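Worksheet: the structure to be examined is printed underneath.
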Amino acid sequence: MKPPATRTGFDVAVIGGGLVGSALSFGLARAGQRVVLLDEGDAAVRASRANFALVWVQSKGLGLPEYAGWTIRSSNAWGEFAALLKSETGLDVGFERPGGFHLALSEAELERRALQLKRLHNQPGIVTYETEIVDRKRLELSLSGLGRDVVGGSFCPLDGHCNSLRLHHALHTALFNRGVRYLASHKVEDIAYNAGEFALRTGQRELRAGKIVIAAGNASMQLAPLVGLVAPMKPNRGQIIVTERVQPFLRHPIVTLRQTDEGTIMIGDSQLDGIDPDEVTMPIISVMAARAIRMFPILARLNVVRTWSGIRVMTHDGFPIYDQSETCPGAFLVCCHSGVTLAANHAFTLASMISRGRLDADSVGVFSARRFDVR
Amino acid sequence: MSNALKTRYDVAVIGAGPAGLAAAAVTARAGLETIVLDENPSPGGQVYRAVTTSPLHATKVLGDDYRRGLDLVRELERSGAQLVSATTVWSVSRELEVGISRHGRAQLLSARRIVLATGALERPFPIPGWTLPGVMTVGAAQTLLKSSGLVPQGSVVLAGLGPLLWLYAAQLLNAGASINAILETTPRRNLLSAVPYAPAFLLSPYFSKGLALLARVRRRVRILPGATRIAAVGDSQIQAVRFVARGREIRLPVDNLLLHQGVAPNVNLAMSIGVEHRWDALQLCWRPIADEFGRTSIPGIAVAGDGAGICGAWAAEQRGRLAGLRIVNDLAGGRVAEAPSEQSLRQSLRRWQIGRGFLDRLYQPAAQFRVPEDDAVIVCRCEEVTAGQVRHAVRIGCEGPNQLKSFLRCGMGPCQGRLCGLTVTELMAAERRVAPQAVGYYRLRPPVKPITLAELASLPRSDAAESAVVRE
Amino acid sequence: MFARLAAVDETSVSLRIDGEPIEARPGDTVAAALLAAGFQHCRTSAVSGALRAPYCMMGVCFDCLVNIDGVGNRQSCLVPVREGMKVELQRGKRAPVA
């Protein structure tokens, strides 16, 4: 049943202006919905800020095989997504899918990786896709300047990356062009549901919408219960090292190391519990730096111009939560770690479902937070 | 000076300008193990740059005030503090751990107290063409004079306002070089707001010196007051400067255009530690929130000198001493030989502050040179982002400098906002019609100066760190 | 261009900038030597290829980047000249060499 048109004219209020919220808003606007996107201010934590820009397939789905299929779907749609943004905004988000690697710095690491892949692909219901363990010789065909310690790795031709800053810029430009109302510094403090309509209270004003989407990253944990949903989150902290620009030498993204299209090298992937986004811990930076140099010795003399510490949006099991409320029909919840990889699905598939008022149980039912219920 | 570095000190002073030299001398004399870390090859900071090595120290070119730097260096040498030059400080943590880089090697050391005396840098001067070869700051030209005895050739034009502009002009004339013109950008209304503070300024020692200097320069150089719409013109290097003065559009051929419109605290290290700052609406810059001893919002970290707020070389010394005395009080108790009392320092500083009010108002840079009107002007030199691009980002919803980084890479270059930050804050504030305090500043993190990946890799690690990275 | 004042010591440090033999004064920074030798610019930008020259001479602007003895992106205003030094203008991005 269609909710009544609201006085303020918003069909959907999306809470959270990061990559998830803005990709959803884009899709909703394309579906003809009148959208308001509510965001926090400039000093907010913003997990999206610290993303690694990977559009990544390999390793996804150990523990929930459907996630692999969902991921591949998004990876396959990403080219179209990028082309759409380019035609609407003129901005090229730099999407490339040359295939990506994990690198192992010891035989033990390689064995663990092989085992992990085997477990992943042996799961009943897993969609088959190409991922292989490769030896050093095979690596050398694609990667130049490998360090001595690299013994092998894994490769998946579906892995890619983009320029996530331009993605962010392109999405916001597209939203602006499509008349999506973007309200920064509007942190949502309360949500009320009444007669098929949602009233959102922020510090600055009250807004009404026929539907809402909570896409607020880790903060979804506080907002979800307001509409009868749960979002069990376990944020962790990751750090990223960024170097100065270098002439292109690394075309393929490595899961913890990539060269951006600007030439800078990004080194990432550590994991610490805790949510202080401003703390960069030196010992961790040191380990990351040492591993990166072992992978590509030419990195040693590059200048590090910046380090980031970012909070990962992480659900309890690491898989997305896509949910719709039963007590407050029209309230949706979208939380996931891989906001870049899944951006295409969010803009196309999920937005389409939400605009029609219902998540399709067959495609995304498995991602409901009900899976966390203790039976 | 001993070359071997310890890993623990009582006091680490960062910066060997007047504030750092004075602070360290005080703490070292009191018996506290003190180290001074400075990036430059020799001490003196910027105002006393190359004071121990200048080829001009025997001449009259640089003026008498410059020699004060030598006294401060000698005082430091006598105090027993350890001075380490050519050493970059790339991080300081809340736990008072200092990351340094020396001879291409990174090290960590810790201290019980830290004094940030990182001084000031020249305000950005974003005009069309300011990135062209042949355009540099007045301070840069002065460094070339002090450190290497070099003077600009051909048609030399200075543009802007502030005491340094006049000082350098006088030094150039002393050296026998010539200046084609000085384009003075002091807005007329500044005089009105400054006049109430004139009496206090008249009583200060800087007044008579400053006046004589100004008069000497004005006698010998063509001054074009109230210059607006200044632009550097050229393709591979500057060829001319265009501007409006006395209602006329003028174009002068130029070989060297030297820009200066005051200085602002160099806040990068302090901000990266998390020291709270606030926007100073008079000096139009960010400054750390600190008490009169320089103590900041982070226990154990003090700021002194221009880095705490622009105050000039004399006040920087006194504030350095005050910071040092407070530290001695905390850590060692008792009096320090040869040091003035805290009370007399505070009194003379307070008198100086009032006189400073005149200069701050007279030399407040004009809005058009802080927030470029021309959209094509480059705001972020490192990433080549223009004012127009920043304005557009604000229009599509970007509210602050941190979001701006994600939109445009503005502020993500190696200078980490040192040359664009003030412009960006004010530009976004103007576009959004809010106060600069509401817009905020870039969130900064270490390394505040570039160090190599290998240097980072050589720092001590831990099992916890290993398992946080290599997890399966 | 910049010229040396007559009152200043003789230059006595020999180095090369883009292959050209240059004389500098002990204590000069590489940036000062470069400007004294008549070089108008020291690099082409890695972003757009625009020509850049030293701007602040105090290590905060990062415009004075050059390649010194094989290591790129060195801030020339912070490095004192040394006998036999080989300086190359920084052309765009650093090359990935070991």
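Here is the naming used below: chain letters follow the sequence lines, and residue numbers restart at 1 for every chain. Quick caveat: nothing in here was measured; it's all calculated off a predicted structure.
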Exercise for the section: Counting only heavy atoms closer than 4.5 Å, note whether C:R52 contacts chain B via side chain, backbone, both or neither. Expected result: both

Handout entry: Residue pairs, two or more places apart or on separate chains, that pass ring pair (Phe, Tyr, Trp, His ring centres under 6.0 Å) and touch residues 55-87 of chain C
Key = B:W130-C:Y55

Handout entry: Structural part of C:L65 lying under 4.5 Å from a heavy atom of chain B
Key = neither

Practice task
Kindly compute the distance separating CE (C:M1) from CD (B:Q153), expressed to the nearest 0.5 Å.
Solution key: 7.5 Å

Exercise for the section: Sort C:C77 into side chain, backbone, both or neither according to what part of it lies under 4.5 angstrom from a heavy atom of chain B. Expected result: backbone

Completion exercise
Under 4.5 Å to a heavy atom of chain C? For B:E383 that would be both

Practice task
Measure the spacing between CZ of B:R49 and CE of C:M57 and express it to the nearest 0.5 Å.
Solution key: 6.5 Å

Handout entry: Contact listing (chain C partner; residues 145-152 of chain B; heavy atom under 4.5 Å)
Key = B:L145, B:S147, B:S148, B:G149, B:L150, B:V151, B:P152

Problem - Gap separating the CG atom of B:L144 from the CZ atom of C:R4, nearest 0.5 angstrom - result: 9.5 Å

Handout entry: Euclidean distance, C:D63 CG relative to B:R381 CZ, rounded to 0.5 Å
Key = 4.5 Å

Handout entry: Short side-chain to backbone donor-acceptor contact, B:K449 and C:V60, under 3.5 Å
Key = no

Handout entry: Largest heavy-atom contact set with chain C, pairs under 4.5 Å, which of B:D255, B:T131, B:T143
Key = B:T131

Practice task
Would you tell me whether C:S45 and B:E384 have side-chain atoms, one donor and one acceptor, within less than 3.5 Å of each other?
Solution key: yes

